[in-house]
Colleague: 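Below is the structure I would like to discuss, written out as structure tokens.
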Amino acid sequence: EQLYTVAKLLEFDEEEDRYLVRWKGYDASYDTWERASRLQEDVPAMIKKFWQRRKESAKKHLKEELKDKMEAVSAEQNLRLRSARLIERE
């Protein structure tokens, strides 16, 4: 029986409780979905790292989204301030 080594966990399917696995030495065409329970036994550290990366990615996305919203609010406030100054001059 040939043994395969997990290279990376790519995605998680919550509904089916499974991970999309990239196998060491193989390209994306060989990726497979594997049960979480099986992988938890074989590669628990890799699962932990997967969730850490996902959490960090979510935080980064939220920070970027907040920054974009703050910039939009700032631009709107500047526009209102300019409009108020123009009205005062008239």
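Predicted model, so just to flag it, every value in this text is computed and none were measured.
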Colleague: What closest approach, in Å, do Trp23 and Val6 show between heavy atoms, and which atom pair accounts for it?
Modeller: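 Reported closest heavy-atom pair: CZ3-CG2, 3.6 Å.
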Colleague: With a sphere of 6.0 Å drawn around CZ of Arg35, does it hold more than 12 non-hydrogen atoms of other residues, nucleotides or ligands?
Modeller: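 No, the 6.0 Å shell around CZ holds no more than 12 heavy atoms from other groups.
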Colleague: Who are the side-chain hydrogen bond (donor to acceptor under 3.5 Å, both in side chains) partners of Arg22, not counting sequence neighbours?
Modeller: Asp31
Colleague: Specify the closest pair of heavy atoms between Gln2 and Tyr26, including all atoms of both residues, with the distance to one decimal.
Modeller: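 Shortest heavy-atom separation between Gln2 and Tyr26 comes out as NE2-OH, 3.6 Å.
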Colleague: Sorted by first residue and then second, give each salt bridge (charged side-chain N to carboxylate O under 4.0 Å, His left out) pair with at least one member in residues 37-51; sequence neighbours left out.
Modeller: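 Residue pairs passing salt bridge (charged side-chain N to carboxylate O under 4.0 Å, His left out), neighbours aside: Glu34-Arg38, Arg38-Asp42.
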Colleague: For Trp33, what residues pass the side-chain hydrogen bond (donor to acceptor under 3.5 Å, both in side chains) criterion, not counting sequence neighbours?
Modeller: none
Colleague: For a 4.5 angstrom cut-off between non-hydrogen side-chain atoms, does Leu10 reach Val21?
Modeller: no
Colleague: Are there more than 12 heavy atoms of other residues, nucleotides or ligands under 6.0 Å from atom CD of Gln52?
Modeller: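 Yes - once you tally the heavy atoms of other residues, nucleotides and ligands closer than 6.0 Å, there are more than 12.
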Colleague: Calculate, to the nearest 0.5 Å, the distance between atoms NZ and CE belonging to Lys8 and Met46 respectively.
Modeller: 10.0 Å
Colleague: Angle class for the Tyr19/Phe12 ring planes (parallel below 30°, perpendicular above 60°, tilted otherwise)?
Modeller: tilted
Colleague: Please tell me if the side chains of Leu9 and Ile47 come closer than 4.5 Å, counting only heavy atoms from C-beta onward.
Modeller: yes
